[in-house]
Protein chains: 2
Amino acid sequence: MKKTILVFGLLILGLLLLFQLSKYAILSGDLESEYAIAIIAVVFFFVGIYLNKKSLHKNNTDTKEVNQKRIKELEISEREYEVLIGISEGLSNKEIGEKLFISESTIKTHVSNLLVKLNAKRRTQAIQIAKQEHII
Amino acid sequence: MKKTILVFGLLILGLLLLFQLSKYAILSGDLESEYAIAIIAVVFFFVGIYLNKKSLHKNNTDTKEVNQKRIKELEISEREYEVLIGISEGLSNKEIGEKLFISESTIKTHVSNLLVKLNAKRRTQAIQIAKQEHII
DNA sequence: AGTGCTTTGGTACTTTAGTATGAGTCATCT
DNA sequence: AGATGACTCATACTAAAGTACCAAAGCACT
């Protein structure tokens, strides 16, 4: 957060400086007004692109941040989450068990608990809800 | 495509016009150079944002276009695709049947064919593959 | 009119999924 | 030390999902 403020502060400062410089350059005749205007145009053009990318990127990281919080809110444990990932990868209970080195019975227990916590009736619905909640 | 060229042409024309106008405005003293520069800055700032959004949006529609082609390549029929959507929504065969007003038996047939066409062992895997193929 | 494809539906059967219940282990917290 | 919660596993069921095979209706194309 502090970094963002610093970057923006420097950005605005730089732009104001450029602003003043170009104004005096034009008035004093040191610089052709075409060049000054062109520089301003190009700079602001890229500033526009930069800020746009920044804000879009922010949204992405925001939704990724929601993940962990939501998982905790739903009281999904570490192991249950691993099972959830297995489900979303299209694995069977048996395959998930082999992947995590535990029995199929245990997977069934985890899946059952997951369905309750995600308020889903089936594993396919669990996938859909988990995606909606941005936890996978 | 033609529309894009038209928009860009008009955009460039407008910017050039603005450019010339501001130059003459400054030279003739009709307008304070600050204002001219400010206008240029603001305009190019938004042009930067606009072009950025445009290019990002283009990528999205591109991936959406892949959809239909891939569905045909995989020889997935209209009805099968509707069933696939039902699966991805987390519905049971029975629920999909009720949604499409056909029997559960028929859904099972469609699902079975879908699994072969998508090279999946389970409906959950079908979801994963369908997402990978950008067909849902 | 015949061919091919999609869609529909059914029966019978096998395999997964999911529920309910109980129980043991282990680490952590109080 | 005892409570708590996460993880493990098993048995016994019930409910879905999936497979295999067959069959018929409808549509488009030639």
Side-chain angles (χ1 to χ4, degrees), chain A residues 66-136, chain B residues 67-133 135-136:
Chain A
V66 175
N67 281 15
Q68 304 303 324
K69 286 181 193 169
R70 200 77 188 102
I71 292 172
K72 280 176 189 166
E73 279 174 20
L74 293 168
E75 296 182 293
I76 294 173
S77 74
E78 188 63 32
R79 212 50 165 164
E80 282 165 354
Y81 187 70
E82 292 182 279
V83 172
L84 180 58
I85 297 300
I87 291 174
S88 75
E89 285 172 348
L91 303 177
S92 68
N93 290 337
K94 196 179 174 187
E95 287 170 340
I96 297 172
E98 285 165 2
K99 189 181 171 187
L100 301 180
F101 303 108
I102 54 182
S103 83
E104 192 188 340
S105 296
T106 311
I107 303 297
K108 282 189 179 187
T109 307
H110 288 318
V111 171
S112 237
N113 292 332
L114 262 174
L115 295 183
V116 173
K117 290 175 183 179
L118 286 173
N119 195 28
K121 287 179 191 166
R122 283 164 290 281
R123 50 169 55 210
T124 48
Q125 201 179 1
I127 295 174
Q128 192 244 336
I129 293 172
K131 292 214 164 129
Q132 217 168 53
E133 298 275 3
H134 296 291
I135 62 177
I136 57 172
Chain B
N67 281 14
Q68 304 303 324
K69 288 181 192 170
R70 200 75 188 103
I71 292 172
K72 282 175 189 168
E73 278 174 21
L74 293 167
E75 296 182 292
I76 294 173
S77 73
E78 188 63 33
R79 212 49 166 166
E80 282 164 356
Y81 186 70
E82 292 181 280
V83 173
L84 179 59
I85 297 300
I87 291 174
S88 76
E89 286 172 348
L91 303 178
S92 67
N93 289 337
K94 196 178 172 186
E95 287 169 340
I96 298 171
E98 285 164 3
K99 190 180 170 189
L100 302 181
F101 303 108
I102 54 182
S103 84
E104 193 188 341
S105 296
T106 309
I107 302 298
K108 282 190 177 186
T109 307
H110 287 319
V111 171
S112 240
N113 292 331
L114 262 173
L115 294 182
V116 173
K117 289 176 182 178
L118 286 173
N119 196 27
K121 287 178 190 166
R122 281 163 292 280
R123 48 169 55 208
T124 48
Q125 201 179 2
I127 295 174
Q128 192 243 337
I129 293 172
K131 291 212 165 132
Q132 218 168 52
E133 298 275 3
I135 62 177
I136 56 173

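Regarding B:Asn113, its CG atom lies at a distance of 14 Å from the P atom of D:dC21, rounded to whole Å. In this structure, CD of B:Glu75 is placed 11 Å from C1' of C:dC5, rounded to the nearest angstrom. In this structure, A:Leu114 places its CG atom 14 Å from C1' of C:dA17, rounding to the nearest Å. For B:Lys72 and C:dT6, the NZ to P distance is 13 Å, given to the nearest whole Å. Residue B:Arg123 contributes atom CZ, which lies 15 Å from atom P of C:dT16 at whole-angstrom precision. Separating the CD1 atom of B:Ile102 from the C1' atom of C:dG10 is a distance of 14 Å, rounded to the nearest angstrom. The separation between B:Leu115 atom CG and C:dT16 atom P is 13 Å, rounded to whole Å. Here the C1' atom of nucleotide D:dA16 and the NZ atom of B:Lys108 are 7 Å apart, to the nearest Å.
A distance of 8.0 Å separates OG1 of A:Thr124 from CD1 of B:Ile87, quoted to the nearest 0.5 Å. For the atom pair CD1 of A:Ile107 and CD of A:Glu95, the computed distance is 11.0 Å after rounding to the nearest 0.5 Å.
Residue B:Ser112 is classed as a base contact, given a heavy-atom separation below 4.0 Å to a base. Across all strands shown, B:Ser105 has heavy atoms under 4.0 Å from base atoms, whether or not it also approaches the sugar-phosphate. When heavy atoms are screened at a 4.0 angstrom cut-off, A:Thr106 is found touching base atoms of the nucleic acid. As judged by a 4.0 angstrom heavy-atom cut-off over every strand, A:Glu104 is placed among residues making no nucleic acid contact.
With a 6.0 Å radius and a threshold of 12 heavy atoms from other residues, nucleotides or ligands, A:Lys121 has its NZ atom at or below the threshold. Sparse packing is recorded around NZ of B:Lys94, with 12 or fewer heavy atoms of other residues, nucleotides or ligands lying under 6.0 Å away.
The shortest heavy-atom contact between B:Glu80 and B:Leu114 is O-CD1, 3.3 Å. Of all the heavy atoms in B:Glu133 and B:Arg70, the pair that sits closest is OE1-NE, 2.6 Å.
Applying the 4.0 Å criterion to OP1 and OP2 of C:dT7, one finds that B:His110 has every side-chain N and O outside that range. A close approach under 4.0 Å does not occur between any side-chain nitrogen or oxygen of A:Arg122 and OP1 or OP2 of C:dA17.
Comparing the end axes of the helix from C:dA1-D:dT30 to C:dT30-D:dA1, each fitted to five base pairs by superposing C1' atoms of four pairs onto the next four, gives an inter-axis angle of 50° (nearest 10 degrees).
For B:Ser92, the listed nucleotide lying nearest its side chain is D:dA17; candidates were D:dA6, D:dA17, D:dA10. Between C:dG9, C:dT6, D:dT8, one nucleotide has an atom nearer to the side chain of A:Thr109 than all others, and that is D:dT8. With D:dC9, C:dG9, D:dA17 as the candidates, the nucleotide lying closest to the side chain of B:Asn93 is D:dA17.
Comparing A:Val116 and B:Ser77, the nucleotide of DNA chain C nearest to each residue sits closer to the 5' end for B:Ser77. Where B:Thr124 and B:Glu78 meet DNA chain C, the nucleotide closest to each residue was compared, and B:Glu78 sits on the side nearer the 5' end.
Side-chain N or O atoms of B:Ser112 include none that pairs as donor or acceptor with a backbone N or O of B:Thr109 at under 3.5 Å. Between the side chain of B:Lys117 and the backbone N or O of B:Glu75 there is at least one donor-acceptor pair closer than 3.5 Å.
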